[in-house]
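Below is one structure; the comments refer to it alone.
The structure displayed is predicted, hence computed values, not measured ones. When a ligand or atom number is given, it counts from 1 through the structure's own listing order. Residue numbers count from 1 along this sequence.
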Amino acid sequence: MIQVLLLIYLIRILICFTFNSPLLAPLGGGSFKIMKNTRLLLSVLIFTLIINVFAQSNGTKITLMSLRCEMMNNPQGIGVQHPRLSWVVLSSLRGVEQTAYRILVASTAQQLAANTGDLWDSGKVPSGKSQLIAYDGKLLRSHQTYYWKVKSYTNHGESEWSAPATFLTGLLSTAEWKGKWIGLDKSFAWDSANVKMSRLSARYFRKEFQLNNKVTKATVSIIGLGLYELYINGQRIGTQVLAPVPTNYSEGVKYNTFDVTAQLKKGANAIGAILGNGRFFTMRQNYKTYKIRNWGMPRMLLQLDVEYANGRKQSIVTDNTWKVTSDGPIRTNNEYDGEEYDATKEMPGWSTTGFNDRAWQPVEMVKAPDGKPEPQMTPNMQVMQTIKPLAILKSSSGKYILDMGQNMAGWLRIRVKGNAGDQVTLRFAETLDDKGEIYVANFRDARSTDIYTLKGGTQEMWEPRFTYHGFRYVEITGWPGVPTVNDFDGRLVYDEMASTGTFISSDKTLNQIHQNAWWGIASNYKGMPVDCPQRNERQPWLGDRAIGSYGESFLFANQSVYAKWLDDIQQSQTKEGAIPDVAPAYWNYYSDNMTWPATYLLIADMLYRQFGDVQPIAKHYDSMKSWMDYMCKKYMTDFILIKDKYGDWCVPPESPEMIHSKDPLRQTDGQLISTAYYFQLSKLMEKFAILLDKKEDAGYFNGLADNVKTAFNKKFYDVGKGYYGNNSVSSNLFPLYFGMIPEENKAKVLDNMVKKITIENNSHISTGLVGGQWLMRGLTENGRADIALNIATNRDYPSWGYMIEKGATTIWELWNGNTADPAMNSRNHVMLLGDLMIWYYENLAGIKAAEPGFSIIVMNPALPEGLDSVNASYESVYGKIVSDWKKSATDFSWNITIPANTKAIVYIPTTNADQVMESGKPANASESVKLLRMENGKAVFEVSSGEYHFISK
Ligand code: BGC
């Protein structure tokens with residue numbers, strides 16, 4: 001109301017000034033005698049004011065953005081009845097809190113535009129929640145698009161309705177699938193089906209059909225195994241690559257859903273699909289069959305549901321009317337060895353009507369996989385970046401070597417002109433040898449080679465479909481003429497997700513490590529997290545991501561891929577409760593240990609902590625508990641967990657070519673590790689049980705943890721020497737970080753750990769994958785951020801900086817990756833990051849979730865000596881959090897941004913809270929800043945949402 005009055009008043013002044021009118025003079029009717037120029041200037045000023053007031057009164061001060069359904073933007077293929085909706089409240093005002101919301105879900109865009117939620121009108125719900133609100137309207141139907149929007153009510157007024165968002169449902173019950181599985185259960189002369197390096201040509205499927213009326217809605221769901229590409233009337237459907245995401249096909253197979261209304265027409269239509277091997281027809285067969293899982297020849301199930309204007313419906317499904325050929329241009333493909341494409345075998349128009357398919361054969365009706373169809377509730381992979389190469393080098397043998405300037409995972413797109421039959425061979429590698437030739441010994445037997453045969457004539461452009469490579473360098477042979485960098489694009493491929501973190505500090509090494517980490521993490525998302533993208537492995541090893549996943553979540557919005565991975569892990573659990581080290585268990589490793597399967601619990605916790613999603617904990621609780629029970633029953637003696645497998649995997653070894661150290665002093669006792677982990681995970685189970693209101697379980701795990709702790713101290717603590725086990729850093733770090741040490745012993749243990757690092761290891765890393773998951777936080781939270789900083793900024797062996805000194809653009813598998821045996825020496829493994837990325841964001845930038853999903857943030861940067869500034873941001877589910885600090889000998893200045901509908905507890909170094917200034921005024925004087933207390937030389941304030949500029953002396 002005040003705004004409206006102000007608006008009228010300002011308009012009156014404006015008219016008055018502009019026309020020099022006495023009539024409308026706002027102040028009692030007298031006329032203004034002002035110079036013409038001044039009048040004009042004043043008019044402009046007042047006009048700007050009006051615009052501002054108008055903008056504010058119009059509600060633009062609160063905007064709703066980033067509408068998500070099940071954590072995805074406008075997802076297609078939602079397969080649940082109560083999808084959860086989220087949004088971001090945006091405002092430049094301070095102290096904005098949502099007090100209520102209203103959600104509308106409509107069956108048509110028109111109804112939504114008319115503010116009618118014919119399916120669900122939540123009404124005005126008094127609530128601060130803006131994340132993961134479950135749809136609670138009418139029953140959802142299969143293959144329908146739903147339109148939704150939301151309005152927030154806040155303590156600063158209400159927002160406009162958000163822009164509309166949509167979600168499209170998949171087939172909500174298995175019974176609705178009407179089609180049959182089709183394929184070809186045989187191989188051809190040009191296939192290598194029954195050999196170790198097994199590859200097949202791609203299978204091309206097609207079908208023509210009539211639609212008798214105008215189509216108002218068409219939705220297709222497809223399960224193409226191992227991998228598919230789908231076409232309708234010659235148009236490719238979607239931009240996904242290497243789809244669907246891989247699963248254990250005996251337990252579940254993912255289907256993708258698309259709205260294809262625009263691709264269909266009345267009359268004759270055609271549908272086509274190409275199938276690649278993926279993990280269904282595995283890359284290595286007839287070899288280590290006890291270990292490698294195989295499901296058979298590619299196959300698919302498809303259902304296209306069409307709705308006509310007259311209300312009638314029609315379905316086109318896979319059945320015996322489809323035709324297939326294996327004699328197309330993709331001559332062979334698999335994930336390890338690459339793809340070979342012969343453009344002279346192209347079949348123009350094969351997925352359009354009227355194509356002559358007489359040479360094609362009828363499909364076979366094949367067995368359905370044991371796994372039931374499941375909606376894929378995680379985005380597929382995409383080409384996420386297209387990168388120009390750095391240079392073309394010449395090796396000493398005269399070969400052209402393309403240098404991407406960056407180790408990455410994906411493939412090359414080529415533009416080439418030549419004669420029919422010319423053959424270009426691309427061999428991928430991560431590094432070069434001394435002679436400048438590609439070095440592929442560390443790929444083991446993965447051939448990682450693409451071959452393109454030209455059809456000749458004009459320029460041809462090609463990229464593979466059913467393979468990917470981990471590479472920085474590509475050897476090019478057979479190129480017609482001389483290749484130039486402009487003939488190639490690097491295609492970076494990973495699961496579609498936003499990058500959420502930025503980090504720049506005054507330390508160049510820290511910055512470069514962050515960048516290398518980003519590339520490493522991106523490279524290793526492949527519908528599941530894999531260990532590496534290049535050698536004949538590429539397996540979803542659990543241990544590699546135990547805590548890494550949490551660090552990664554600051555750089556990538558990785559919640560969907562990890563939620564899906566928890567399902568993979570659950571599906572791979574045995575009836576007895578065992579969880580494998582690789583899941584899906586493409587490789588059979590049920591070795592029963594604590595540290596690799598621990599990832600199952602740790603990631604459920606991460607999803608809750610970072611994204612505020614409790615569902616994974618609820619969904620997996622019983623399985624997690626059954627695994628804990630299984631390990632306890634089978635391997636616990638007197639509260640000591642006696643089974644371990646990997647130790648502190650990959651500690652820096654004693655000599656440069658070694659993979660695993662043999663020096664007992666460098667290793668940590670396996671039982672110490674597994675017992676400490678059992679304790680830590682029991683505490684986590686207790687937390688989960690409390691969250692789910694399972695009081696009895698909470699009590700049980702609490703008691704168990706206590707007993708394990710007592711036994712652990714008894715067995716591993718050396719009272720005389722004041723350390724655990726053999727005094728390796730990890731031996732002391734686990735009990736220290738997990739809170740297992742009686743108070744009176746803590747200082748001694750910390751002191752021993754510090755001495756071990758600073759004196760014996762000259763402030764260098766000496767932990768492996770397991771210890772590294774707690775090290776940086778362990779030091780920092782015990783007051784030794786200075787040591788953590790030294791470890792992180794070293795440039796000599798062993799360190800992340802050493803990798804950079806040796807030319808790394810990603811993170812290596814081994815600390816000595818430049819010299820170690822190639823048998824296990826990937827240059828793109830993320831496990832050695834440990835908790836480094838968490839430390840960057842939580843401890844250096846000081847951006848940490850105090851409440852799940854960052855609804856309350858704690859901002860407490862560690863400020864170690866030697867680091868002068870950090871400018872970091874993190875795109876949380878509530879919006880962007882910024883921490884940008886600088887310190888000098890006298891001043892500390894800090895710009896922070898707290899998203900609307902959240903608040904933060906901020907810690908500012910000072911000896912006197914009264915001297916902390918905020919935007920030029922004493923911080924205490926600000927309405928949105930409240931001093932809570934002084935704590936260890938820091939003033940602790942509660943700060944509501946908005947942007948702040950603090951300065952302290
Ligand atoms: C993988 C690792 C994995 C390990 C466990 C290696 O070959 O690359 O990342 O965790 O095996 O055995």
Side-chain angles (χ1 to χ4, degrees), residues 279 283-284 288 290-293 335-336 407 409 430 440-446 448 469-470 517 520-521 523-526 528-549 551-552 565 568-569 572 578-600 602-603 643-653 658-661 667-668 670 673-674 677 730 767-773 800 803 808 810-817 820-836:
R279 300 261 168 145
M283 306 74 99
R284 294 287 178 270
K288 296 198 180 171
Y290 63 92
K291 180 170 111 172
I292 299 175
R293 196 83 194 257
E335 191 179 319
Y336 292 161
N407 199 359
E430 290 184 297
V440 290
N442 68 334
F443 282 22
R444 308 203 286 231
D445 71 11
S448 219
H469 311 284
I521 298 161
S523 302
N524 283 302
Y525 286 141
K526 291 287 171 284
M528 57 191 174
V530 292
D531 59 341
C532 56
Q534 75 297 79
R535 67 178 177 221
N536 62 359
E537 185 154 6
R538 311 181 191 196
Q539 295 300 324
W541 284 97
L542 270 63
D544 298 32
R545 304 301 179 114
I547 285 294
S549 54
E552 293 162 20
W565 201 35
D568 291 337
I569 297 173
S572 65
I579 288 178
D581 305 336
V582 174
Y586 302 116
W587 284 9
N588 182 12
Y589 276 91
Y590 286 82
S591 67
D592 285 352
N593 66 92
M594 286 305 297
T595 45
W596 263 238
T599 302
Y600 188 34
L602 292 168
I603 290 181
K643 184 81 189 304
D644 178 56
K645 163 107 180 180
Y646 300 107
D648 194 5
W649 188 249
C650 296
V651 296
M658 268 181 145
I659 294 173
H660 295 300
S661 165
Q667 291 162 18
T668 298
I673 299 175
S674 52
Y677 262 66
S730 295
T767 54
L769 175 164
V770 186
Q773 297 175 10
W800 298 283
M803 300 178 190
T810 40
I811 308 294
W812 293 343
E813 178 173 24
L814 301 173
W815 295 108
N816 50 331
D821 189 320
M824 197 187 103
N825 192 358
S826 135
R827 307 300 167 88
N828 200 355
H829 242 70
V830 288
M831 63 188 191
L832 291 187
L833 281 171
D835 66 351
L836 188 68

| query | For Q534 and G470, which heavy atoms make the closest approach, and how far apart are they? | reply | CB-O, 3.5 Å
| field | Residue pair W565 / W541: nearest heavy atoms and the distance that separates them | value | CH2-O, 3.7 Å
| message | How close do V651 and G768 get, counting heavy atoms only, and between which atoms? | response | CG1-N, 3.5 Å
| query | Would you call the rings of W587 and Y589 parallel, tilted or perpendicular if under 30° counts as parallel and over 60° as perpendicular? | reply | tilted
| task | Run through ligand 1 for me and note each protein residue having a heavy atom under 4.0 Å from it, chain first, then residue number. | result | D531, R535, E537, W541, D544, W596, Y646, W649, E813, H829, M831
| field | Closest non-hydrogen atom pair between T595 and I673, with its separation | value | CG2-CG2, 3.5 Å
| task | Could you go through the side chain to side chain contact (heavy atoms under 4.5 Å, CB included) check for N442 and E813 one step at a time? | result | CA-CA 11 Å; N442 68 334; E813 178 173 24; over 6 Å; no
